[in-house]
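Values in this document were obtained by computation on a predicted structure and should not be read as measured data. In what follows, every chain begins at residue 1, and chains take the letters A, B, ... in the order their sequences are listed. Every heavy atom of this structure was used, including side-chain atoms; hydrogens, water molecules and symmetry mates were not.
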Amino acid sequence: MPIKTESFYLNVGPQHPSTHGVFRLRLSLDGEVVTDVEPIVGYLHRGIEKLAETRTYTQIIPLTDRLDYLASMTDNVAYCVAVEKLAGIKVPERAEYIRIIFSELMRISSHMMAVGFYLNDCGAFFTPVLYMWREREKIIDLFDMVCGQRLLYNYMRVGGVSQDLPDEFMPALKKFVDEMPRYIGEYNQLIKQNEIFLARSKGVGILPRETAINIGASGPVLRASGVKWDLRKMDPYSLYDRFDFDICTGEVGDCYDRYWVRMQEMTQSLRIIEQAMKQMPDKGPVCADVPQFFRPPAGEAYGYIEAPKGNLGFYIVSDGSIAPYRLHIFPPTLINITALRDMVIGWKVADLIIIFGSMDVVLGEIDR
Amino acid sequence: MKFERYGIGIAKGLALTLKHLFRAPITVQYPDEKLNVSRRTRGNELVWFPDKCTGCGTCTKACLQGNIILVTHRGEENKFIVDKFELDSGRCIFCGLCVESCPYNALAMGVDYECAKYRRGDAVLGKEKLSLSEKHKPSAYYRPQFAAELPEQSLLLYNRKEGGQKLSIFPLSKRKRGPHA
Ligand code: SF4
Ligand code: SF4
């Protein structure tokens with residue numbers, strides 16, 4: 001009698017520690033090898049796009065905090081950039097610099113979480129994360145000092161930022177920027193040459209350059225595949241054309257490259273912050289004169305920025321009333337995980353976990 | 001994957017962790033030791049100043065949760081008299097938009113953060129509970145006039161000598177036993 005074999009179906013998630021949220025992967029396995037994978041999203045859906053239709057333009061800002069909850073500040077910025085485009089509001093110079101400093105701090109913090117949890121998935125259980133959390137805590141302290149909360153900042157406003165920086169902020173930021181390169185060196189000493197880590201991540205989960213471009217990936221995932229693309233350089237929004245920094249790219253697009261691109265971007269972000277601190281005007285308005293209940297003219301606008309995870313866009317349609325007619329969010333991670341199937345087929349289950357970890361997925365943003 | 005020599009990278013990493021064994025811890029023993037929150041903290045339980053409030057209702061419109069219930073009637077000289085000012089802190093997301101919008105500085109965020117309640121009904125704060133009291137202090141979020149009264153934020157960035165986070169080198173031996181122990 002011939003032996004009939006069937007592929008084995010396995011659910012990873014929705015409550016699985018390495019899915020970084022409520023995310024479900026339906027795997028088809030041949031032994032231990034993944035033959036097919038179907039990502040199932042929607043467990044964290046809160047209907048933010050619909051809720052936004054019943055809120056005024058200012059009231060939507062706290063909702064955008066809840067998208068990518070590890071990088072709320074850049075979500076705020078992206079939304080405000082879109083509304084400013086729609087209503088034609090000019091942001092004061094000092095506010096632009098504050099936005100840039102905070103976006104870059106947020107990028108460092110978000111990359112630290114991404115790299116830390118990626119190493120966690122690789123098996124370095126919580127030691128590197130806690131080293132990185134220590135510095136993330138310092139960034140969060142700075143955010144707390146300025147906007148009063150540690151995770152859901154609600155700091156950006158249409159036309160600027162909500163409050164000016166307190167006096168003690170600049171010295172603290174300067175100390176952070178001076179200290180940080182040493183800690184980045186520490187992270188590199190801790191893990192970069194670790195043989196187990198290299199063996200697990202080099203050559204694993206390759207995303208070829210063509211596929212990355214075809215699916216429209218963005219952020220570190222795209223740059224790790226060797227594409228020199230960064231909205232801050234390619235289409236400088238805000239004042240990014242005044243800064244001198246490099247776009248970091250990987251070579252082959254494997255998990256190691258995605259890790260290493262993020263580590264290098266932290267250094268580049270520090271460079272931007274340093275220059276912004278020098279160039280920032282000491283005084284001046286931090287918000288354009290925009291009333292809290294304002295009505296932009298009817299029309300539509302698409303505002304986009306380079307968020308830590310990639311190209312984040314907000315599409316707003318206004319009918320001239322106090323609330324938007326439609327708000328659509330274009331999240332980078334949702335686009336990036338469409339490449340997951342191509343990347344994991346043929347790898348083992350243990351590799352699937354680290355490939356998924358290297359994508360830096362935040363479910364709040366995928367499900368909205 | 002092939003390496004020329006195995007173990008160098010791992011040894012380097014372990015050397016770093018070994019070094020950290022001799023450093024002071026940066027954590028604090030929370031219920032016994034507390035850090036100062038930021039002066040602008042958006043803590044729980046907002047503070048409402050009845051003498052300043054004119055009953056204009058801007059805060060109720062600014063709240064994205066529809067969370068503030070305000071009932072007024074016309075008193076003498078056609079001024080509003082506030083009959084009811086109620087805020088459900090269980091539904092509040094502490095975004096601070098109401099504080100930001102109040103034109104008469106009559107509302108401020110609180111500094112408290114240990115506000116768990118046993119019943120949902122207790123989370124609904126009325127006029128008395130929202131008013132200023134010994135335990136109920138306003139934070140400087142959008143109200144810079146209160147900043148001077150609040151202690152400086154303890155930052156992890158600065159070490160203890162620079163006035164930063166209090167570090168407990170021997171946390172367990174010096175620890176005072178609280179009611180939770
Ligand atoms: S803090 Fe925000 S949610 Fe709470 S009452 Fe004020 S506006 Fe409403
Ligand atoms: S906005 Fe201020 S003054 Fe007006 S009702 Fe609210 S608390 Fe009172």
Would you say that [X] contacts [Y] through its side chain, given a criterion of any heavy-atom pair below 4.5 Å between the two side chains?
X        : Y        : value
A/Asp65  : B/Ile93  : no
B/Tyr142 : A/Ser162 : yes
A/Pro166 : B/Arg39  : no

Between [X] and chain B, which part of the residue has a heavy atom less than 4.5 Å away: side chain, backbone, both or neither?
X        : value
A/Ile139 : neither
A/Glu179 : side chain
A/Pro171 : both
A/Arg150 : neither

Heavy-atom pairs under 4.5 Å with chain B: which of A/Lys138, A/Gln59, A/Glu168 has the most?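 Ranked by heavy-atom pairs under 4.5 Å with chain B, first place is A/Gln59.
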Using a cut-off of under 4.5 Å on heavy-atom pairs, state which of A/Cys147, A/Ala172, A/Gly148 scores highest against chain B. A/Gly148
Would you find a donor on one side and an acceptor on the other, under 3.5 Å apart, between the side chain of [X] and the backbone of [Y]?
X        : Y        : value
A/Gln149 : B/Arg42  : yes
B/Arg40  : A/Gln163 : no
A/Asn194 : B/Ile10  : no

Shortest non-hydrogen contact between B/Ser38 and A/Asp144, atoms and distance: OG-O, 2.9 Å
Output the option from B/Val37, B/Leu16, B/Thr17, B/Thr41 having the highest count of non-hydrogen pairs under 4.5 Å with chain A. B/Leu16
Applying side chain to side chain contact (heavy atoms under 4.5 Å, CB included), run through A/Ile191 and B/Lys12 and close with a yes or a no. CA-CA 8 Å; A/Ile191 203 79; B/Lys12 272 186 181 172; over 6 Å; no
Does atom OH of B/Tyr113 have more than 12 heavy-atom neighbours from other groups under 6.0 Å away?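 Yes.
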B/Lys117 atom NZ, neighbour heavy-atom count above 12 within 6.0 Å: yes
Just how far is it from atom CG of A/Leu51 to atom CG of B/Leu64, taken to the nearest 0.5 Å? 9.0 Å
Qualifying side-chain hydrogen bond (donor to acceptor under 3.5 Å, both in side chains) pairs, either residue in residues 49-74 of chain B, two or more places apart: B/His73-B/Asp83
Applying ring-ring contact (aromatic ring centres under 6.0 Å, His included), name anything that partners A/Tyr131, two or more places apart in sequence or on another chain.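 B/His20.
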